[in-house]
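Input: a single structure, listed below in structure tokens.
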Amino acid sequence: MSEMRFILSGFGGQGLLFGGKVIAYTGLIEDRQVSWLPSYGPEMRGGTANCSVTLSDEPIGSPLITNPTAVIAMNQPSVDKFEVDIVPGGIIVIDSALTNSGPARDDITSFMIPATSAAEEEGLKGLANIVCVGKLWAETQFCQRETLDAAIRKAVPARKVAMVDKNLAALELGMSM
Amino acid sequence: MSEKVLMKGNEVLAESAMRAGCKYFFGYPITPQTELSAYMSKHMPKIGGTFLQAESEVAAINMVYGAAAAGARVMTSSSSPGISLKSEGVSYIAGADLPAVIINVMRGGPGLGSIQPSQSDYWQATKALGHGDFQMVVYAPSTVQEMADYVAKAFDVADEYRTPVMILLDGLLGQMMEPVELPEPKADIPDKPWACTGTKGERAHNVVNSLYLDADLLDQTNRERYERYDKIKAAEQISEEYLCDDADIVVVAFGAAARIARNAVNAAREQGIKAGLFRPITLWPFPVDALEKTVAHARGYLTVEMKMGQMVDDVRLVVAGRAPVVFYGRTGGVIPTPAEVLDAIVAFDQKVGE
């Protein structure tokens with residue numbers, strides 16, 4: 001598999017950094033090259049809190065992604081900021097419950113899913129981030145299916161172990177959308 | 001061999017230090033290294049060590065001075081403006097010939113600058129982190145794994161030569177997560193017979209001091225210290241060469257900039273340009289011996305830096321006019337892209353090829 005470069009972006013508090021961690025753990029489990037880099041500037045306090053996650057079979061150069069192969073955007077500023085950077089043929093997963101316009105480009109594939117409202121309806125409030133990761137996996141298969149579940153188990157901290165099943169359900173929900 | 005874990009660079013620096021026998025940490029929070037202090041505050045008490053958030057950077061470095069004088073493995077960390085505040089204390093530590101480990105997770109400067117990644121404290125770290133005739137060993141890791149490895153090494157080298165050692169990285173490396181295999185905890189830490197641990201009435205007093213009112217004695221002390229520096233220069237240079245053996249264009253970069261430069265070197269090779277990457281891992285001592293070996297075939301040197309070209313001076317000292325040495329970089333927290341660096345390589349290749 002060639003290098004996959006993901007940007008996950010939204011408001012602070014939506015769990016995009018955690019979503020990126022789940023993807024990074026899949027690379028750790030499959031013994032691939034991995035980097036995860038958060039934004040740490042003032043944008044974390046509103047605007048686009050985001051992280052860059054790279055999975056590769058070669059040593060990773062810059063962990064800061066400037067030309068993502070896929071983007072998860074959970075608010076309108078994130079769509080506006082990162083859509084332009086996606087490589088031709090790349091994809092963008094957009095939470096349509098929180099945005100008012102999709103991408104303008106026709107050389108990328110966009111998936112508009114109402115992740116936040118669907119998660120709430122399924123009793124998975126606060127897990128729209130993982131719904132989007134599930135959708136991203138369904139469209140890119142960035143790891144083996146069972147690796148994804150194992151990554152959730154690793155990424156969820158011990159004190160929140162009760163959340164593992166809900167996270168797994170959120171993945172399934174995303175894949176079905 | 002322990003299992004690989006996924007950890008943030010800043011946290012790995014802290015964990016690796018504790019595994020190297022660091023029992024004392026004195027610091028003051030500053031972006032982008034605060035996770036290091038936070039990790040220490042949580043985990044240092046569990047190993048019976050001391051974490052102390054001082055009232056200021058000046059206080060923290062003087063606590064390091066005291067703990068080092070008592071023979072402890074001790075560390076402090078900060079980011080650029082905070083390191084400037086610590087500079088007086090580092091000079092005292094060097095003047096008193098004490099081992100200590102200092103982490104600088106650099107951000108854009110000068111002044112308060114930005115909180116984004118930068119390498120602009122290179123001169124400060126390698127030439128003059130304080131007044132007086134002294135140097136520090138400076139390691140510049142480029143991956144989270146190297147952060148783990150070089151923190152462990154830093155404590156050993158500091159003890160061996162009785163010198164402060166700095167780990168110099170930038171906010172990009174401090175904030176990123178990569179898989180890392182943590183070093184095994186160090187069991188045997190060498191004795192320090194010079195440390196001020198109490199005479200128990202059984203030996204003469206040990207004295208830790210950086211004040212010499214006798215000029216001749218200070219002259220002699222400084223000369224002895226520089227003899228030690230010569231040993232460090234002979235034994236401790238470290239660098240990594242990537243595709244340098246036949247390189248026409250040798251790109252010189254360290255830390256995060258080296259990761260970006262490596263991408264650009266690969267892209268240049270795809271275009272038929274014989275580019276290579278020379279990556280200093282010790283910034284002081286600068287790896288002059290390994291760089292010298294490239295001079296026979298290199299047609300030019302391009303330093304890629306997240307600053308206004310400070311390291312380019314050290315490369316010029318080695319190349320000594322035998323090939324052109326130029327610089328490309330961004331400052332203030334802007335991270336150069338591989339495409340920008342590739343453009344710089346291509347332009348430089350056309351120029352030296354004429």
Query raised in the report: chain B heavy atoms under 4.5 Å from A:Asp31: which part of the residue, side chain, backbone, both or neither?
Result: side chain
Query raised in the report: Any side-chain donor paired with an acceptor under 3.5 Å for B:Ser118 and B:Ser120?
Result: yes
Query - Under 4.5 Å from any heavy atom of chain B - which part of A:Lys21 - result: both
Query - Among B:Gly171, B:Pro338, B:Ala256, residue most engaged with chain A (heavy-atom pairs, under 4.5 Å) - result: B:Gly171
Query raised in the report: Quick one: do the A:Thr147 and A:Glu30 side chains pair a donor with an acceptor below 3.5 Å?
Result: yes
Report summary line: Assert top hit (heavy-atom pairs under 4.5 Å, partner chain A, pool B:Ile260, B:Leu173, B:Leu172, B:Asn266) equals B:Leu172
Report task. Tell me, for B:Thr31 versus chain A, whether the close heavy atoms (under 4.5 Å) come from the side chain, the backbone, both or neither. Result -> side chain
Query raised in the report: Centre of B:Tyr242's six-membered ring, under 6.0 Å away, within 45 degrees of the axis: is that where NZ or CZ of B:Arg262 sits?
Result: yes
Requested in this report: Indicate whether the side chain of B:Glu340 and that of B:Tyr328 have a donor and an acceptor atom separated by less than 3.5 Å.
Outcome: yes
Query raised in the report: Got a second to check how far A:Cys132's SG is from A:Met177's CE, nearest 0.5 Å?
Result: 8.0 Å
**Report entry** Greater than 12 external heavy atoms within 6.0 Å of A:Arg145's CZ
**Finding:** yes
Query raised in the report: What part of B:Pro336 lies closer than 4.5 angstrom to a heavy atom of chain A: side chain, backbone, both or neither?
Result: neither
Requested in this report: For this output row, return yes or no: ring centroids of A:Phe142 and A:Phe6 closer than 6.0 angstrom.
Outcome: yes
**Report entry** Which portion of B:Val144 sits near chain A, non-hydrogen atoms under 4.5 angstrom
**Finding:** neither
Query raised in the report: Side chain, backbone, both or neither: which part of A:Thr66 has an atom under 4.5 Å from a heavy atom of chain B?
Result: side chain
Report task. Quick one: which of B:Val5, B:Leu6, B:Thr143 has the most heavy-atom pairs under 4.5 Å with chain A, could you say? Result -> B:Leu6
